[in-house]
Amino acid sequence: MNGLANFEAEVSVLGSVLLEGSLFNELELQAEHFYHAEHQVIFRAMKQVAEADGKIDIVSVVTQLGDAITEVGGSSRLLAMAESVPSLASLKHYERLVFDAYRNRMARTSALSYVDNPTDEALDLLINQLTKYREQGAWKQEKTTYDYLLEITDEMCFPTEEQSGFVTSLHDLDDMTGGLQRGELIIVAARPSVGKTAFALNLAAGHSRNGGSSLIFSLEMGTKQLLQRMISAEGYINSQKWRNMIFSEKDYEHALQAIGAISTWNLQLYDNVRTAGQIRSTVRQAVRQNPDARHAVFIDYLQLMTPSSKHERRDLEIGEITRELKLLAVELNIPIVLLSQLSRGVETRANKRPLMSDLRESGNIEQDADVISFLYRDDYYSQESRKPIEIILAKQRNGPTGTVRLDFDKAVGRFGELEG
């Protein structure tokens, strides 16, 4: 059926299991992955035998089928399946062929459904479904322990830039984290107006300034406003001056220098991409078009994102988003920095430094994130305070936890090292 079904592969999978029942436990397939109805019936009977701790063979499967044996062609049909298998060693190959046909069928069905109802919501659903189908049964060659040991030895003796994290130009932070690490989902959380967006823009600017590619997804601010904030930070210009457009001669000079520098960066800003599926698609396209660039993704912010599919509870939707972004970071081997709001529970405590439990609509955030950091400003609660801003690393899967103190010039939105 033009790649939509593979009768021979399905027969070979079932025949292999009938010959050697223990192979059933190695399969990732489920009954719905088979196209032919009689094969689904046989597979379900095999599963029932396995769940009853029985040995799968022709006799036990025929017994389990009972009267349904006539639906699948009789016991002689099962015997013919077993006899048709050329080699048990090729089971995984047969399984991949069945998965390939299943993915093609489901992709075709989803695409036709979208054609019948081509709305934005239907497109988001299509993208999400196609991504899930592609991941089902995807085959990856497993490396041996020896392969990994050789790789580790090679990396130790001949380290490359790709193995190290992307520096942020905030040296104290880089010392503790090693920079923005490839394949990691990095959460930056704080209460509103503490400086999350400014911090993310500083990280993106530092990465781009060092030759990296920064993809910024803003669900709260427009691109022009974000660029104005980046110009302010880069040129040390009071960001409030953009309101009345009254600048000094030195401001103009610094702004033009900052604009000149930013124009040379590999920097992309998106303010109309709102769903997890759209972000995934945009990032994949950017990586595909420029595979050698050192991409890093910055998303502002989690609670404004729309999941690819609807759930009864918001925490489940948040969990789906963080899980999808973590898988994307691993798949493309890039860091993803995701900003997040904190719950109001912070305000009820005497010590208002954030805790993990303050993550708003936490879902699977703690589980999916490799790094969870909180921004805390003492002057947010006490205007007289002159203490530096704190970057609290509450979780770091592959590194230490602790606090990094930085200077934060709120007027221009720039983070820097503390003097002395």
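The shown structure was predicted, so the numbers you read here are calculated from the model rather than taken from an experiment.
Between the side chains of Asp251 and Ser248, at least one donor-acceptor pair of N or O atoms lies under 3.5 Å. When only modelled atom types and interatomic distance are considered, Asp378 and Tyr376 share a side-chain donor-acceptor pair under 3.5 Å. Gln285 and Arg288 are not linked by any side-chain donor-acceptor pair at a separation below 3.5 angstrom, with hydrogens and angles left out of the test. In this structure, a donor-acceptor pair under 3.5 Å is present between the side chains of Ser22 and Glu20. Between the side chains of Asp300 and Thr197, at least one donor N or O sits under 3.5 Å from an acceptor N or O. No side-chain donor-acceptor contact under 3.5 Å links Trp265 and Ser214. Side chain to side chain, Ser169 and Asn210 meet the donor-acceptor criterion of an N or O pair below 3.5 Å.
Ala293 and Asn266 make their closest contact through CB-ND2, 4.3 Å (heavy atoms, listed as atom of the first residue, atom of the second, distance). In terms of heavy-atom proximity, Gly413 sits nearest to Asn202 at O-ND2, 2.9 Å. Looking at every heavy atom in both residues, Met305 comes nearest to Ala276 through CE-CA, 3.9 Å. Residues Asp368 and Arg323 come closest through the heavy atom pair OD2-N, 3.2 Å. Summarising the geometry of Val85 relative to Gly15, their closest heavy-atom pair is CG2-C, 3.4 Å, with the distance given to 0.1 Å. In terms of heavy-atom proximity, Gln228 sits nearest to Met245 at NE2-CE, 4.0 Å.
No side-chain heavy atom of Ile216 sits under 4.5 Å from any side-chain heavy atom of Tyr270. For the pair Ser213/Arg294, no side-chain contact is recorded, criterion being any heavy-atom separation below 4.5 Å from C-beta on. You'll find the side chain of Val371 stays beyond 4.5 Å of the side chain of Val188, heavy atoms only. Using a 4.5 Å heavy-atom threshold, the side chains of Ile391 and Leu375 count as touching. Between Glu331 and Leu328, the closest side-chain pair of non-hydrogen atoms falls below 4.5 Å. Residues Leu406 and Leu418 form no side-chain contact, since every pair of their non-hydrogen atoms from C-beta on lies 4.5 Å or further apart. Contact check for Ile262 versus Ile231: side-chain heavy atoms found under the 4.5 Å cut-off. Under the 4.5 Å side-chain criterion, counting only non-hydrogen atoms from C-beta, Arg377 is in contact with Phe408.
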Would you check, one step at a time, whether the test side-chain contact (heavy atoms from CB on, under 4.5 Å) holds for Tyr301 with Phe217? CA-CA 8 Å; Tyr301 59 90; Phe217 296 87; over 6 Å; no

Worked check of side-chain contact (heavy atoms from CB on, under 4.5 Å) between Ile56 and Val61: CA-CA 7 Å; Ile56 299 175; Val61 173; 3.9 Å; yes

Test salt bridge (Lys or Arg N to Asp or Glu O under 4.0 Å) on Lys250 and Glu253 and set out the steps. CA-CA 5 Å; Lys250 184 173 289 187; Glu253 180 184 343; over 6 Å; no

Could you walk me through whether Ile389 and Arg405 satisfy the side-chain contact (heavy atoms from CB on, under 4.5 Å) test, starting with their C-alpha distance in whole Å, then the side-chain angles of each, then the deciding distance to 0.1 Å, before giving a yes or no? CA-CA 6 Å; Ile389 191 168; Arg405 292 171 175 81; over 6 Å; no

Just do the side chain to side chain donor-acceptor pair (under 3.5 Å) check on Arg414 and Tyr236 with the steps written out, would you? CA-CA 8 Å; Arg414 186 176 180 113; Tyr236 293 92; 2.9 Å; yes

Tell me, with the steps shown, if Ile372 and Glu366 meet side-chain contact (heavy atoms from CB on, under 4.5 Å). CA-CA 8 Å; Ile372 296 179; Glu366 291 183 39; 4.2 Å; yes

Under the criterion side chain to side chain donor-acceptor pair (under 3.5 Å), I'd like the reasoning laid out for Gln64 against Gln48: C-alpha separation, chi angles, the key distance, then a yes or no. CA-CA 8 Å; Gln64 183 63 46; Gln48 290 167 347; 2.9 Å; yes

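Crowding of Glu32 atom CD: a count of heavy atoms from other residues, nucleotides or ligands under 6.0 Å exceeding 12. The environment of Lys47 atom NZ is sparse: at most 12 non-hydrogen atoms of other residues, nucleotides or ligands sit within 6.0 angstrom. Counted within 6.0 Å of CZ on Arg349, heavy atoms from surrounding residues, nucleotides or ligands total more than 12; the atom is thus considered enclosed.
Proximity of a side-chain donor or acceptor of Ser208 to a complementary backbone N or O of Ala205 within less than 3.5 Å is not detected. Of the possible donor and acceptor atoms, one in the side chain of Asp174 sits under 3.5 Å from a partner among the backbone N and O of Thr168. With hydrogens and angles disregarded, no donor-acceptor distance shorter than 3.5 Å links the side chain of Asp175 to the backbone of Leu170. The backbone N or O of Gly183 lies less than 3.5 Å from a partner atom in the side chain of Lys326, making a donor-acceptor pair. Looking only at distances, a side-chain donor or acceptor of Arg105 sits under 3.5 Å from a matching main-chain atom of Leu4. Without hydrogens or angle criteria, Gln303 side chain to Gln341 main chain gives a donor-acceptor distance under 3.5 Å. Distance alone, capped at 3.5 Å, places no donor-acceptor pair between the Gln396 side chain and the Leu393 backbone. Looking at Ser281, its side chain never comes within 3.5 Å of a backbone N or O of Gln278 through a donor-acceptor pair. When atom types are taken as modelled, the side chain of Glu417 and the backbone of His171 share a donor-acceptor pair closer than 3.5 angstrom. With hydrogens and angles disregarded, a donor-acceptor distance shorter than 3.5 Å links the side chain of Thr322 to the backbone of Gly319.
From Asp172, atom CG reaches atom CG of Asp407 across 11.5 Å, with rounding to the nearest 0.5 Å. In this structure, Ile187 CD1 and Asp370 CG are separated by 9.5 Å, a value rounded to the nearest 0.5 Å. Rounding to the nearest 0.5 angstrom, the gap separating the OG1 atom in Thr401 from the NZ atom in Lys395 is 12.0 Å. Here the CD1 atom belonging to Ile42 is positioned 7.5 Å from the CG atom belonging to Leu18, to the nearest 0.5 angstrom. One finds the OG atom of Ser218 at 4.5 Å from the CG atom of Leu226 (value rounded to the nearest 0.5 Å). A distance of 10.5 Å separates CG of Leu201 from OG of Ser232, quoted to the nearest 0.5 Å.
The aromatic rings of Phe99 and His33 lie tilted to each other, with the angle between the two planes from 30° to 60°. Below 30°, between 30° and 60°, or above 60°: for Phe24 and Phe43 the angle between ring planes is between 30° and 60°, a tilted geometry. Using cut-offs of 30° and 60° for the angle between ring planes, the His39 and Phe34 rings count as perpendicular. Ring geometry for Phe199 versus Phe415: interplanar angle over 60°, hence perpendicular rather than tilted (30 to 60°).
Salt-bridge annotation for Arg209 and Glu234: present, with a side-chain N of the basic residue lying under 4.0 Å from a carboxylate O of the acidic one.
None of Asn290, Val283, Asn333, Leu332 except one satisfies the side chain to side chain contact (heavy atoms under 4.5 Å, CB included) rule with His295; the exception is Asn290. For the side chain to side chain contact (heavy atoms under 4.5 Å, CB included) criterion with Glu220, the lone passing option out of Asp271, Leu304, Leu339 is Leu304.
Partners of Lys196 by salt bridge (Lys or Arg N to Asp or Glu O under 4.0 Å), not counting sequence neighbours: none found.
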